[in-house]
Amino acid sequence: IYSGKNNPVQNMIRHATGFTYNELLLDLDANPDTGVQGEGHLHSIHTGALGIDTVWWQMTQDTAGINLRGKVCNNARNKTVVFESNWFANITPTGVETGLEYLDAQRRKGIDAGMKIDITEEGIRMMMTPLNPIIAYRRFTLNPDNFVELTRDGRLEALVDLLADDGTGIKLYSIPNEEAKQDLSLNINHLNLGELSMVMPYMPSIQGLLQGDIHYVQADSSFTLSTDMQVKGMQYEHNPLGDVGLNMVYFPNQDGTHYI
């Protein structure tokens with residue numbers, strides 16, 4: 001499929017999604033010898049004030065599975081934001097391995113992280129890769145035995161511990177609890193929101209250091225949630241908001257009402 005501007009294909013996409021483009025290509029081939037092969041691209045995508053210069057993808061198949069590659073980028077002539085994002089996904093009968101890389105206008109890596117997903121007899125098990133990922137321009141050390149697992153009976157178990165040299169830390173872990181179906185905690189320490197917003201094109205500028213905890217406990221038919229989060233020196237679009245915090249507890253009452 002090839003489509004330029006001002007034709008029925010683009011008109012249908014514009015009316016259905018609000019997106020316009022200069023060029024669309026979709027080329028797929030499937031046969032018993034080589035499997036599924038294909039590639040495609042979109043050039044000069046626009047919706048309102050948002051625009052992406054290029055979206056490109058490629059698909060190949062071999063004896064191990066299906067391999068996907070892709071790129072989303074704005075070139076140096078873009079007046080709004082310049083970036084390049086590359087991703088891959090390798091799909092096999094037993095799982096998926098995927099990765100994402102983000103480069104800003106100065107070719108600095110804002111993200112270099114991935115995930116391996118395995119389908120097991122117990123459920124779906126995910127592991128972050130590599131052991132020294134880059135998230136929001138920070139290089140983290142990741143525990144080698146990290147995992148997030150969704151079991152077939154609906155429980156979520158996890159042990160993910162990310163720690164950077166400057167003290168930035170993110171930890172997700174489950175706690176054995178005989179009285180609950182699952183007991184999860186998320187700890188965040190010294191997370192720079194300014195650096196995080198920089199790796200998300202078109203996201204408003206947000207500044208500040210985020211830290212706090214979220215605790216989730218699920219029983220058979222109800223759950224409780226507690227959180228204590230603070231952002232020190234918060235700014236939104238360079239407008240100072242000061243220190244902002246949220247302390248909240250939620251649990252259901254026995255009469256069917258809710259307490260917050």
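Counting from 1, the numbers follow the sequence of the chain as shown.
Using a 3.5 Å distance cut-off with no hydrogens or angles, the side chains of D228 and Q230 do pair a donor with an acceptor. N143 and D161 form no side-chain donor-acceptor contact under 3.5 Å, judged by distance and modelled atom types alone.
Using a 4.5 Å cut-off on side-chain heavy atoms (C-beta onward), L100 and S85 make contact. No side-chain heavy atom of K5 sits less than 4.5 Å from a side-chain heavy atom of N7. Q235 places none of its side-chain heavy atoms less than 4.5 Å from the side chain of L241. Proximity of L193 to L209: side-chain heavy atoms (C-beta onward) are nowhere separated by under 4.5 Å. Contact check for I91 versus L68: side-chain heavy atoms found under the 4.5 Å cut-off. Using a 4.5 Å cut-off on side-chain heavy atoms (C-beta onward), N22 and H46 make no contact. Put simply, the side chain of Y21 reaches to within 4.5 Å of the side chain of S3, judged on heavy atoms. For the pair Q211 and M229, the minimum side-chain heavy-atom distance is 4.5 Å or more.
Between T47 and G18, the shortest heavy-atom contact is OG1-O, 3.5 Å. Across every non-hydrogen atom of V81 and P201, the tightest pair is CG1-CB, 4.4 Å. Between T120 and R152, the shortest heavy-atom contact is O-NH2, 3.0 Å. Closest non-hydrogen pair, G167 versus N189, comes out as O-ND2, 2.9 Å. Shown here for H41 and W57, the closest heavy-atom pair between the two residues is N-NE1, 4.4 Å. The shortest heavy-atom contact between T98 and F88 is OG1-O, 2.8 Å.
Legend: residues meeting side-chain hydrogen bond (donor to acceptor under 3.5 Å, both in side chains) with D29, ordered by chain and number and at least two apart, are N31. Taking Y216 as the reference, F223 meet the ring pair (Phe, Tyr, Trp, His ring centres under 6.0 Å) condition, with sequence neighbours excluded. By the side-chain hydrogen bond (donor to acceptor under 3.5 Å, both in side chains) test, T54 pairs with no residue at all, sequence neighbours left out. Scanning for salt bridge (charged side-chain N to carboxylate O under 4.0 Å, His left out) contacts around E84 gives K71, R107, with sequence neighbours left out. For the side chain to side chain contact (heavy atoms under 4.5 Å, CB included) test, residues two or more places apart in sequence or in another chain that qualify with M128 are M115, I135, L142, N146, V160, L162. Not counting sequence neighbours, H15 has no partner by the side-chain hydrogen bond (donor to acceptor under 3.5 Å, both in side chains) test. T80 is linked by a side chain to side chain contact (heavy atoms under 4.5 Å, CB included) to N78, Y202, counting only residues two or more places apart in sequence or in another chain. Remark: S174 engages E157, L184 in a side chain to side chain contact (heavy atoms under 4.5 Å, CB included) (not counting sequence neighbours).
Listed by chain and number, the hydrophobic cluster partners of F147 are L159, Y173, I175, where partners are ILVMFWY side chains within reach of under 4.5 Å, directly or through others. Residue F251 is found in a hydrophobic cluster whose other members, listed by chain and number, are V249, Y259; membership requires side-chain heavy atoms under 4.5 Å apart, directly or through intermediates.
Screening residues 118-131 for salt bridge (Lys or Arg N to Asp or Glu O under 4.0 Å) gives R125-E149 as the qualifying pairs, with residues at least two apart or on separate chains. Legend: salt bridge (Lys or Arg N to Asp or Glu O under 4.0 Å) pairs involving residues 186-212, not counting sequence neighbours, sorted by first then second residue: R138-E195.
Both cation-pi conditions hold for R108 and Y137: the charged atom is under 6.0 angstrom from the six-membered ring centre and inside a 45 degree cone around its axis.
In this structure, D165 CG and T141 OG1 are separated by 6.5 Å, a value rounded to the nearest 0.5 Å. Rounding to the nearest 0.5 Å gives a distance of 11.0 Å between CE of M127 and CD1 of I117. The OG atom of S197 lies 5.5 Å from the CE atom of M203; values are rounded to the nearest 0.5 Å. Between the CG atom in D53 and the CG atom in L42 there is a gap of 12.0 Å [rounded to 0.5 Å]. M198 contributes atom CE, which lies 11.5 Å from atom CD1 of I111 (distance to the nearest 0.5 angstrom). With rounding to the nearest 0.5 angstrom, the CD atom of Q207 is 11.0 Å from the CG atom of L196.
Ring centroid separation for the pair Y250 and H258 comes in under the 6.0 Å cut-off.
Within 6.0 Å of atom CD1 in I1, 12 or fewer heavy atoms from other residues, nucleotides or ligands are found, so the atom counts as exposed in its surroundings.
Here the side chain of T168 pairs no donor or acceptor atom with the backbone of A164 at under 3.5 angstrom.
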